[in-house]
Amino acid sequence: MSESNIKVTLPDGSVKELPKGSSGMDVALSISEGLARNVLAAEVNGEVWDASRAIDTDAEVKLLTWNDADGKSTYWHSSAHLMAEALEALYPGIKLGIGPAIDAGFYYDIDFGDHDFDTENLDIIEKKMLELAKQKNVYERSEVSKADAIKYFTEKGDEYKLDLIDRLEDGDITFYKQGEFTDLCKGPHIPHTGFIKAAKILNVAGAYWKGDENNKQLTRLYAITFPKAKELKEYLELLEEAKKRDHRKLGKELELFTFSEKVGHGLPLWMPKGAMLKDRLETFLKKVQLKAGYKPVVTPHIGHKDLYVTSGHYEKYGEDSFQPISTPHEGEEFILKPMNCPHHCEIYNSTPKSYKDLPLRLTEFGTVYRYEQSGELHGLTRVRGFTQDDAHIFCMPEQVKDEFLKVIDLVLYVFGALGFDDFTAQISLRDPENTQKYIGTDENWAKAEKAIIEATEEKGLNTVTELGEAAFYGPKLDFMVKDALGRSWQLGTIQVDYNLPERFELEYTGSDNQKHRPVMIHRAPFGSLERFVAVLTEHCGGNFPLWLTPDQIAILPISEKYADYANEVYAKMEDYDIRGFIDHRDEKIGRKIRDAETGKIPYMLIVGEKEAAEGKVSARKHGEGDLGSFTQDEFIKLFKEAASVG
RNA sequence: GCCGACGUAGCUCAGGGGUAGAGCACUUCCUUGGUAAGGAAGAGGCCACGGGUUCAAAUCCCGUCGUUGGCUCCA
């Protein structure tokens, strides 16, 4: 092998020998011209580099295209520079904050200074971006000294960039320049602006410099770009679809829930149909949990302040909670319960426990109240009063793994039944560098963390592990589901807790006749019913699974002459636990069908002269149309098959 | 909590210094109709709330509440 050559190992294991100083682009060219045309950046030994940057040593190289997450984020980060260039051209003298890529697109924080920034004319910026993109300007990387960097931005008068430079080490500062625009940036970037073929500014919002409300508020422009105009169109259609599925909109249209200023914001009111939905979910989970050995308990909505002093929540959250309510004569203070666990600990404590009683799984659909900041409230996903599908498992340390396995099974079953098949599990472990900020013994932590990791492995879960993300009281496992539109939501959670057993002095007598401290596991497959219903609504676009949906059938008499027969059919359906209603309105059948369709009723049973005479129903399925004629029993059979699962 | 936008009939929205409009929903009547909107009439608003400016405020200004896009937060 020649001295001046390097060996490049590709992801498929193949090795290419190339001259020293070859770039990612050269690697691509050595494979195919087509690939080279699509290369956005190169991952060199695990670090994302410009495709043009010279590689001087043997390396593992992965060429990144639009199909790689890192390729996309490089692309979007470069797009942020392009947008900044366009903005600078249109609004001379603006100052720039930061412009990173985000999950979908990118943003740039701008101080428009004296410019009157008008959100009506965003298309002018988009046009300018594409105009500049067409110039195929190369993103040129240059290393600059700290002094030069400071000089450049001092002359430019951009105090935000100076603030950023202030925190950087000399020798570690790079600029990127494309066209007329130079930015402080560590990169990497795509080869040139020509890759950007479609741009859309999605949103304009205020954001404080460095996220600190004491700093000046900048204008944040959220935008997205694509290599093909078609992809932008599809993305915008996805956003449209998301808007249509917004649970706040569907919740109103389908009469699931409402809010009232009089009741108070963040306090959802479940309307009959929404309450039915929520009730079906609860019934479903209660049944599954009973089978899994859970014991339902019921505790009050308030608890004595001392309860939360004991639990430690008063100290930590007291200021940011609904303030205590007091009894009129004694002045005793009670707190709206922000969680169920302290109550459950007291149930545990009410009788002496033996190791033979463990694991003890106490479950409650408890409504809890948390004072969320007013700006945080959002539909049903962030509220001030919500129902947790809560349970606390009290067990011995050596039972943690087994309990995790069981809870994971439960979560998988529940997600499956509701059509969430795409999810990942996040394992949150403690920060190994800083173990003293966590409560509990090293031994127990090690045991629990090992138990979680092994349990997820045994179940074959798709996991990501985050060090330092554990709660101070124990490690946890969170489930993030992807909905039908590809958006991620955090739902279920399983958390180990060493803190509360300590604070409540929970004990059990072991086989050695000694007192021991149990471990507590908090778990909630849905998290909050409110949030879950919101996610489910958006996931299925309001077309809930048949077993869950509030009205499963609508009986539509052709005219009021068949009202009696409609009542007869309804009574029979009720006998078979099929929920629904009869549309007795004085409307034509076309109208009744239309209203049932827009109301997303899964099955419509049309009854008229023919059906009444033959004892049949004419069935119609939502979104599909006429299914034909069935005897009542035939329909019930068809329905029951479709409604299985729950 | 902070910044911006918004708040008009049950819903979706138009209007905009001279005391309110549409469509749908609702009520009544006509119609008894066979697979996505039958017809007519009627009723419905303190234009979020409280101040201010003005001869006159739903409209302009300020404040409050709520909604919303973000920021910060989330046991």
Side-chain angles (χ1 to χ4, degrees), chain A residues 102 107 109 117 119 202-222 246 248-249 252-253 255 258-267 308 311-321 337-342 368-379 381-384 386 388 390 471-474 476 490 493 495 497 499-500 522 524 527-528 531 554 556-563 585-599 601 604-611 618-629:
Chain A
I102 51 176
Y107 66 79
D109 286 345
F117 178 66
T119 55
L202 298 168
N203 210 338
V204 179
Y208 297 103
W209 173 237
K210 295 200 273 191
D212 184 342
E213 69 187 42
N214 297 314
N215 287 339
K216 178 160 183 188
Q217 189 168 48
L218 308 178
T219 305
R220 177 170 295 181
L221 273 71
Y222 286 90
D246 190 318
R248 294 168 299 182
K249 179 172 143 66
K252 199 178 266 181
E253 284 171 6
E255 298 181 347
T258 187
F259 290 90
S260 149
E261 287 189 30
K262 277 213 178 84
V263 173
H265 69 161
L267 300 171
Y308 298 99
S311 73
H313 294 111
Y314 187 77
E315 194 191 1
K316 198 162 161 58
Y317 295 104
E319 299 263 307
D320 298 314
S321 293
K337 76 172 167 188
M339 56 203 355
N340 306 299
C341 21
V368 297
Y369 301 88
R370 296 179 183 179
Y371 177 79
E372 303 290 357
Q373 293 185 38
S374 60
E376 291 312 319
L377 302 173
H378 180 92
T381 59
R382 200 74 189 273
V383 287
R384 284 178 171 174
F386 58 94
Q388 286 182 316
D390 213 358
F472 76 93
Y473 51 78
K476 60 179 179 173
Q490 199 217 299
T493 181
Q495 308 188 0
D497 189 340
N499 182 41
L500 289 182
H522 308 252
S528 108
R531 182 178 167 80
L556 313 179
I558 296 285
S559 83
E560 73 186 35
K561 282 195 273 186
Y562 313 106
R585 289 177 307 167
D586 179 13
E587 291 290 350
K588 288 167 112 172
I589 193 66
R591 176 51 177 277
K592 293 184 183 181
I593 287 169
R594 184 189 148 79
D595 288 344
E597 287 282 355
T598 56
I601 312 295
M604 286 149 266
L605 300 184
I606 294 148
V607 294
E609 186 177 4
K610 207 172 73 196
E611 289 78 10
S618 178
R620 187 189 157 98
K621 195 168 179 190
H622 170 71
E624 289 181 24
D626 196 2
L627 298 179
S629 187

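Every chain is numbered from 1, with letters handed out A, B, ... down the list of sequences. Because the structure is a prediction, the values reported are computed rather than measured.
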Note to self: Within the supplied structure, the quantity of interest is the number of heavy atoms (other residues, nucleotides, ligands) at a distance under 6.0 Å from A:E253 CD; does it exceed 12?
What the structure shows: yes
Check: Which range-with-range stems can be found for RNA chain B when each stem has 3 or more Watson-Crick or G-U pairs in a row and both distances sit under 3.5 Å?
Finding: B:1-7 with B:65-71, B:10-13 with B:21-24, B:26-30 with B:38-42, B:48-52 with B:60-64
Notebook entry, point to check: How long is the span from the NE2 atom in A:H522 to the CG atom in A:L500, to the nearest 0.5 Å?
Noted result: 5.0 Å
Next item on the list: Please report the C-alpha distance between A:M604 and A:K592 in whole Å, then the side-chain angles of each, then the deciding distance to 0.1 Å, and finally whether the side chain to side chain contact (heavy atoms under 4.5 Å, CB included) criterion is met.
Entry: CA-CA 9 Å; A:M604 286 149 266; A:K592 293 184 183 181; over 6 Å; no
Item checked: Contacts of A:Y107 that satisfy ring pair (Phe, Tyr, Trp, His ring centres under 6.0 Å) - sequence neighbours left out -> A:Y222
Margin query: Can you check the distance between B:G38 and B:U32, where both ends of the measurement are the P atom (answer in whole Å)?
Written below: 15 Å
Check: Is a side-chain donor or acceptor of A:E611 paired with a backbone partner of A:G608 at a separation under 3.5 angstrom?
Finding: yes
Margin query: Using a 4.0 Å heavy-atom cut-off to protein, can you give one letter per nucleotide of nucleotides 69-74 of chain B, 5' to 3': B if the base is in contact, S if only the sugar-phosphate is, - if neither?
Written below: SBBBBB
Notebook entry, point to check: With sequence neighbours excluded, what pairs up with A:Y317 under the side chain to side chain contact (heavy atoms under 4.5 Å, CB included) test?
Noted result: A:H313, A:S321
Write down the protein N/O and nucleotide N/O pairs, taken from nucleotides 33-39 of chain B, whose separation is under 3.5 Å; answer none if there are no such pairs.
| unit_1 | atom_1 | unit_2 | atom_2 | d |
| --- | --- | --- | --- | --- |
| B:G33 | N7 | A:I558 | O | 2.6 |
| B:G33 | O6 | A:E560 | N | 3.4 |
| B:G33 | N1 | A:D586 | OD1 | 3.1 |
| B:G34 | O6 | A:E609 | N | 2.9 |
| B:G34 | O6 | A:K610 | N | 3.1 |
| B:G34 | O6 | A:E611 | OE1 | 3.4 |
| B:G34 | N1 | A:E611 | OE1 | 2.8 |
| B:G34 | N1 | A:E611 | OE2 | 3.2 |
| B:G34 | N2 | A:E611 | OE2 | 2.6 |
| B:U35 | O2' | A:R620 | NH1 | 3.2 |
| B:U35 | O2 | A:R620 | NH1 | 3.2 |
| B:U35 | O4 | A:S618 | OG | 2.2 |
| B:A36 | N7 | A:R620 | NH2 | 3.2 |
| B:A36 | N6 | A:E597 | OE1 | 3.2 |
| B:A37 | N7 | A:R594 | NH1 | 3.3 |
| B:A37 | N6 | A:R594 | NH2 | 2.8 |
| B:A37 | N1 | A:R594 | NH2 | 3.3 |
| B:G38 | OP1 | A:E587 | OE1 | 3.4 |
| B:G38 | OP1 | A:R591 | NH1 | 3.3 |

Note to self: Counting primed atoms plus P, OP1 and OP2 as sugar-phosphate and everything else as base, spell out the protein contacts along nucleotides 43-48 of chain B at 4.0 Å heavy-atom distance: B, S or - for each nucleotide, 5' to 3'.
What the structure shows: ------
Notebook entry, point to check: Separation of A:W209 atom CH2 from B:C3 atom C1', in whole Å?
Noted result: 17 Å
Margin query: Working to the nearest 0.5 angstrom, can you tell me the gap between A:E587 CD and A:I593 CD1?
Written below: 12.5 Å
Notebook entry, point to check: For atom P, what is the distance between B:G7 and B:A48, given to the nearest Å?
Noted result: 8 Å
Notebook entry, point to check: What residues form a ring pair (Phe, Tyr, Trp, His ring centres under 6.0 Å) with A:Y562, not counting sequence neighbours?
Noted result: none
Notebook entry, point to check: What pairs with A:Y371 under ring pair (Phe, Tyr, Trp, His ring centres under 6.0 Å), at least two apart in sequence or on another chain?
Noted result: A:F322
Tabulate atom names and distances for all N/O pairs under 3.5 angstrom spanning the protein and nucleotides 8-13 of chain B.
| unit_1 | atom_1 | unit_2 | atom_2 | d |
| --- | --- | --- | --- | --- |
| B:U12 | OP1 | A:K252 | NZ | 3.3 |

Next item on the list: Take atom C1' in B:C61 and the same atom in B:U27, then report the distance between them in whole Å.
Entry: 42 Å
Check: Got a sec, which residues hit side chain to side chain contact (heavy atoms under 4.5 Å, CB included) with A:K561, two or more places apart in sequence or on another chain?
Finding: A:S559
Check: Using atom C1' of each nucleotide, how far apart are B:C6 and B:C13 to the nearest Å?
Finding: 13 Å
Next item on the list: Using side chain to side chain contact (heavy atoms under 4.5 Å, CB included) as the criterion, list what pairs up with A:H265, not counting sequence neighbours.
Entry: A:S374, A:L377, A:R384
Margin query: Tell me the closest heavy-atom pair linking A:L267 and A:F259, and the distance in Å.
Written below: O-CD2, 3.6 Å
Checklist line | Full working for side chain to side chain contact (heavy atoms under 4.5 Å, CB included) between A:L556 and A:R620 | finding: CA-CA 10 Å; A:L556 313 179; A:R620 187 189 157 98; over 6 Å; no
Check: When you compare B:C26 with B:C11, how far apart are their P atoms, in angstrom units rounded to a whole number?
Finding: 14 Å
Note to self: Would the distance check show the side chain of A:R370 and the main-chain N or O of A:P338 forming a donor-acceptor pair, the cut-off being under 3.5 Å?
What the structure shows: yes
Note to self: Taking only the C1' atom of each, what is the distance from B:G70 to B:C46 in whole angstrom?
What the structure shows: 34 Å
Check: How far does CD of A:E624 sit from CD of A:E597, to the nearest 0.5 angstrom?
Finding: 9.5 Å
Next item on the list: Answer yes or no: does a side-chain N or O of A:H265 lie under 4.0 Å from OP1 or OP2 of B:G66?
Entry: yes
Item checked: B:C47 to B:A57 separation - P atoms, rounded to the nearest Å -> 12 Å
Next item on the list: Using the C1' atom as the reference point in each nucleotide, state the distance between B:A36 and B:G69 in Å, no decimals.
Entry: 35 Å
Checklist line | For A:S629, side chain to side chain contact (heavy atoms under 4.5 Å, CB included) partners two or more places apart | finding: A:K616
Check: How would you label the contact of A:S311 with the nucleic acid (heavy atoms, under 4.0 Å): base, sugar-phosphate, or nothing?
Finding: nothing
